[in-house]
Amino acid sequence: MNDDFNKWNIRKIQVKTALNKIKKRQLPYCWDLNIYRGCMHGCKYCYALYSHEYLTSDDFFSTVFYKENIIEVLEKELRSKKWSGETVNLGGVTDSYQPIEGKLKIMPEILKLFIKYENPINIATKSSLILRDFDLIKKLSEVAYVNVAVSVTTTDENLRKKIEPYSSPTKERFRVLKEFDKINISKGVLLMPIIPLFTDNMDNMESIFANSKESNAQYLIPGYLYLRKKTREVFMDFLRREFPGIFDDFRSLYPGGRVNSDYKENFYRKFKKLVGKYKLTSNYEAPKKKKPPQQLRLFQ
């Protein structure tokens, strides 16, 4: 990947805030922190394409912005008397451990601040680069609640290279869970997105469940592909170009941004059987209830 960095335009920006309030109340956290705008993983289904509409670039896949002053801004917010120490989700829009992080090394400084202020966090990633910061995450887990989730779509490497060309191989993501089994954190798998006609077949689903169980994941949460605006345009163009034989069938499942209800009902029956077979909860908050009281307090 280092040899490919010249494919991207890396630019810096200044920010006034680091922590962003999340309006979606179904999530188990209310705050989000993103150190990057744009992402090198190149996922064809990326829901965050809209985020570049607010910047001077409309090419999400070739231009990555990093927030040059985010460490200073974040510390100011964490030490504020107004801050109540709520759980912060790292990388809800773009992956904190995308390839450029290997060079810029912003996340270690972010983690040091959360350790300093004993603040609980959630991290979701498609990258094994997170293991670089194992010791810092371990240290944070000793003073605050920590949750690490790996996002998985398929165990078929040929398909992964097409839909997520610069993400870590799926087996490396499961290795992340195995490594973090050594410390006291919550960890699980985000089966997201489920892509109809691509990743929803029983062979792939069974493989993901089996690997999740073998990696000691504490939960597995599904999420369907959502196609809106720029994401729909990019994904449909990709589909038309790479998989023309199923384009019409796929399009019929998405009259709008969400997959039709009949598909959801049929898929859920398959998913429910696997949940029962592998005894994996789809309740994101289940692991936190088993944490020591002091960590539960911090998470809440």
Side-chain angles (χ1 to χ4, degrees), residues 1 4 7-8 38-53 58-62 94-95 98-99 124 126-127 150-174 189-212 220-275 277-278 282:
M1 175 57 69
D4 293 335
K7 293 181 180 179
W8 283 272
C39 186
M40 288 181 162
H41 283 157
C43 302
K44 305 307 180 186
Y45 53 75
C46 183
Y47 72 92
L49 296 175
Y50 72 90
S51 66
H52 264 36
E53 294 175 2
D58 61 358
D59 196 337
F60 187 88
F61 293 120
S62 67
T94 54
D95 201 319
Q98 60 178 284
K126 291 184 175 73
S127 175
V150 293
S151 177
V152 175
T153 54
T154 180
T155 55
D156 181 338
E157 276 300 288
N158 290 327
L159 180 57
R160 181 200 63 80
K161 289 175 182 177
K162 284 182 176 292
I163 61 177
E164 306 167 352
Y166 298 108
S167 63
S168 291
T170 302
K171 65 179 181 180
E172 287 295 300
R173 303 181 210 179
F174 286 118
V189 173
L190 303 179
L191 181 52
M192 301 179 186
I194 297 161
I195 308 177
L197 307 183
F198 283 88
T199 67
D200 59 344
N201 62 81
M202 283 304 291
D203 286 344
N204 184 56
M205 297 295 296
E206 184 101 28
S207 179
I208 291 175
F209 267 85
N211 276 281
S212 299
L220 187 152
I221 303 175
Y224 300 104
L225 174 67
Y226 184 46
L227 296 176
R228 66 167 186 170
K229 299 181 179 179
K230 188 69 174 178
T231 300
R232 184 182 183 91
E233 176 187 331
V234 169
F235 189 78
M236 288 300 189
D237 283 347
F238 161 75
L239 197 63
R240 187 183 293 107
R241 183 175 63 254
E242 297 291 336
F243 300 93
I246 64 170
F247 179 79
D248 289 336
D249 289 339
F250 182 91
R251 185 170 55 178
S252 69
L253 294 174
Y254 277 89
R258 303 180 188 278
V259 68
N260 68 47
S261 57
D262 287 342
Y263 171 87
K264 283 187 177 182
E265 186 176 336
N266 291 331
F267 176 82
Y268 180 70
R269 284 197 289 267
K270 295 190 294 184
F271 181 82
K272 190 175 180 180
K273 289 180 181 179
L274 291 172
V275 168
K277 179 179 178 179
Y278 289 96
S282 57

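The two residues Thr94 and Gly38 have their closest heavy-atom pair at CG2-O, 3.4 Å. For the pair Thr231 and Cys46, the tightest heavy-atom approach, listed with the atom from each and the gap, is OG1-O, 2.7 Å. Scanning all heavy atoms of the two residues, the minimum distance from Gln98 to Met40 falls at OE1-N, 3.0 Å. Considering every non-hydrogen atom in both Met205 and Phe267, the closest pair reads CE-CZ, 3.4 Å.
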Note to self: Please determine whether side chain to side chain donor-acceptor pair (under 3.5 Å) holds for the pair Tyr45 and Glu164, giving the CA-CA distance in whole Å, both sets of side-chain angles, and the decisive distance to 0.1 Å.
What the structure shows: CA-CA 9 Å; Tyr45 53 75; Glu164 306 167 352; 2.5 Å; yes
Next item on the list: Step by step, work out the side chain to side chain donor-acceptor pair (under 3.5 Å) result for Asn204 and Thr199.
Entry: CA-CA 6 Å; Asn204 184 56; Thr199 67; 4.6 Å; no
Next item on the list: Output, in order, the C-alpha distance, side-chain angles, deciding distance and verdict of salt bridge (charged side-chain N to carboxylate O under 4.0 Å, His left out) for Glu206 and Lys277.
Entry: CA-CA 10 Å; Glu206 184 101 28; Lys277 179 179 178 179; 2.5 Å; yes
Checklist line | Derivation and outcome, salt bridge (charged side-chain N to carboxylate O under 4.0 Å, His left out), residues Glu265 and Arg269 | finding: CA-CA 7 Å; Glu265 186 176 336; Arg269 284 197 289 267; 3.6 Å; yes
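Around CZ of Phe238, the count of heavy atoms belonging to other residues, nucleotides or ligands within 6.0 Å exceeds 12. More than 12 heavy atoms of other residues, nucleotides or ligands sit less than 6.0 Å from atom NZ of Lys270. Other residues, nucleotides and ligands contribute only 12 or fewer heavy atoms inside 6.0 Å of the CZ atom of Arg258.
In terms of modelled atom types and a separation under 3.5 Å, the side chain of Thr154 and the main chain of Arg160 share no donor-acceptor contact. Ser212 contributes a side-chain N or O that, together with a main-chain N or O of Ile208, makes up a donor-acceptor pair within less than 3.5 Å.
Contact of the Met236 side chain with the Phe247 side chain is registered, since non-hydrogen atoms from C-beta on lie closer than 4.5 Å. Contact check for Phe174 versus Val189: side-chain heavy atoms found under the 4.5 Å cut-off. Residues Asp200 and Tyr263 have side chains in contact (heavy-atom distance under 4.5 Å, counting atoms from C-beta outward). A heavy-atom distance below 4.5 Å is not found between the side chains of Val259 and Leu225. Residues Leu253 and Leu197 have side chains in contact (heavy-atom distance under 4.5 Å, counting atoms from C-beta outward). Contact of the Thr153 side chain with the Pro193 side chain is registered, since non-hydrogen atoms from C-beta on lie closer than 4.5 Å.
Of the residues Ser168, Ser151, Pro99, Ser167, the one that meets the side chain to side chain contact (heavy atoms under 4.5 Å, CB included) test with Ser127 is Ser168.
In this structure, the separation between CD1 on Ile195 and CG on Asn201 is 11.5 Å, given to the nearest 0.5 Å. Summarising the geometry, atom CG belonging to Leu239 is positioned 5.5 Å from atom CD1 belonging to Ile246; distances are rounded to the nearest 0.5 Å.
Aromatic pair Phe243/Phe250: ring centres not closer than 6.0 Å. Between Phe209 and Phe271, the ring centre distance stays below 6.0 Å.
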